[in-house]
Amino acid sequence: MAWSFCGKVQLGGLLLSLLGWLCSCVTTVLPQWKTLNLELNEMETWIMGLWEACVNQEEVATVCKAFESFLSLPQELQVARILMVASHGLGLLGFLLSGFGSECFQFHRIRWVSKRRLCLLGGTLEVSASATTLFPVSWVAHATIRDFWDEGVPEIVPRWEFGDALFLGWAAGIFLALGGLLLIFSICLEKEDVSSPRMADPTVAPSCAPVGESDSSFHLTPRPRNLLI
């Protein structure tokens with residue numbers, strides 16, 4: 001089956017959306033949102049995520065402990081946990097709707113207009129998932145920078161730094177945004193073709209049908225006379 005240019009754009013959007021969704025899920029699970037290196041003991045590294053905090057001791061073991069209460073977390077981590085979970089739902093729903101509305105999914109009961117709407121809705125949800133991923137990751141990064149350069153904290157106290165999960169979260173947000181924009185852009189592509197589903201669907205509005213050639217001659221139509229009562 002030969003795909004059109006619009007179908008290839010949709011396929012690229014679906015692949016980017018799936019990659020972004022997977023990276024977003026991994027980002028949520030990883031505990032490396034913040035890292036802390038102790039100068040007194042360089043063999044020990046502290047890491048903090050959305051669900052647990054861990055102590056990594058080289059050549060020994062990694063000990064993790066889950067947070068006992070959601071309210072005990074800093075405000076940026078509380079919001080990050082909620083928005084990241086919401087991002088997973090939006091990304092998965094957008095991927096499924098876009099898949100049903102794409103050209104690669106053929107089902108005779110789904111009309112062309114309905115497939116267009118599904119693809120457009122799925123792309124919009126992917127962009128929303130990108131926003132709900134980039135915002136918490138960027139907020140945690142901003143809070144880390146703010147605390148790192150806080151002059152009220154003595155220089156002896158160790159400072160939290162960026163973890164690898166933040167960079168993966170930024171990449172996930174970019175992939176989701178690109179995938180959603182490609183899906184929306186594929187709807188804007190108007191390519192009339194003889195084998196296009198628009199031309200083959202009899203339920204399409206007459207305004208989309210090709211206009212026939214008009215006759216250049218004039219025809220006089222007799223005007224009805226008014227009946228006198």
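Given the structure is predicted, the values throughout are model-derived calculations rather than measurements.
- At a threshold of 4.5 Å between non-hydrogen side-chain atoms, the residues Leu120 and Ile184 count as touching.
- To the nearest 0.5 angstrom, Leu125 atom CG is 6.5 Å from Leu97 atom CG.
- Checking side-chain atoms of Trp51 against main-chain N and O of Thr28 turns up a donor-acceptor pair under 3.5 Å.
- Shown here for Ala172 and Cys23, the closest heavy-atom pair between the two residues is CB-CB, 3.6 Å.
- The cluster map of Ile, Leu, Val, Met, Phe, Trp and Tyr, joined by side-chain heavy atoms under 4.5 Å apart, puts Leu16 and Leu183 in different clusters.
- Transitive grouping of hydrophobic side chains (ILVMFWY, heavy atoms separated by less than 4.5 Å) brings Ile145 and Trp160 into a common cluster.
- Under a 3.5 Å cut-off, the side chain of Glu126 and the backbone N or O of Phe95 do form a donor-acceptor pair.
- Considering all non-hydrogen atoms of both residues, Ala131 and Pro136 come closest at O-CD, 4.3 Å.
- Every residue two or more places apart in sequence or in another chain was checked for a disulfide bond (SG atoms under 2.5 Å apart) with Cys25, and none qualifies.
- Relative ring orientation between Trp139 and Phe135 is described as tilted, the plane-to-plane angle lying within the 30° to 60° band.
- Val140 and Leu83 are not part of a single hydrophobic cluster, where members link through side-chain heavy atoms under 4.5 Å apart.
- Partners of Ser87 under the side-chain hydrogen bond (donor to acceptor under 3.5 Å, both in side chains) rule, at least two apart in sequence or in another chain, are Thr133.
- Of the inter-residue distances, the one linking Glu76 atom CD with Arg146 atom CZ reads 6.0 Å to the nearest 0.5 angstrom.
- Side chain of Gln78 to backbone of Leu73: a donor-acceptor contact under 3.5 angstrom is found.
- Taking a 6.0 Å sphere around CH2 of Trp170, one finds it holds more than 12 heavy atoms contributed by other residues, nucleotides or ligands.
- Without hydrogens or angle criteria, Gln32 side chain to Ile47 main chain gives no donor-acceptor distance under 3.5 Å.
- Trp33 contributes no side-chain N or O that, together with a main-chain N or O of Val137, makes up a donor-acceptor pair within less than 3.5 Å.
- Using a distance-only test at 3.5 Å, with no hydrogens or angles considered, no donor-acceptor pair links the side chain of Ser24 to the main chain of Gly20.
- Residue Leu178 holds its CG atom at 9.0 Å from OG of Ser17, rounded to the nearest 0.5 Å.
- For Glu44 (side chain) and Val55 (main-chain N/O), no donor-acceptor pair under 3.5 Å exists by modelled atom type.
- Remark: Leu14 CG to Leu19 CG distance equals 12.5 Å, nearest 0.5 Å.
- Here Leu36 contributes atom CG and Asn56 contributes atom CG; the two are 12.5 Å apart, rounded to the nearest 0.5 Å.
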Side chain to side chain contact (heavy atoms under 4.5 Å, CB included) between Ser186 and Cys119, intermediate numbers included: CA-CA 9 Å; Ser186 66; Cys119 192; 3.9 Å; yes

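- Residues Leu50 and Val26 fall into different hydrophobic clusters, defined by Ile, Leu, Val, Met, Phe, Trp and Tyr side chains chained together at heavy-atom separations under 4.5 Å.
- Hydrophobic clustering places Trp46 together with Phe162 (ILVMFWY residues linked when any side-chain heavy atoms are closer than 4.5 Å, directly or through intermediates).
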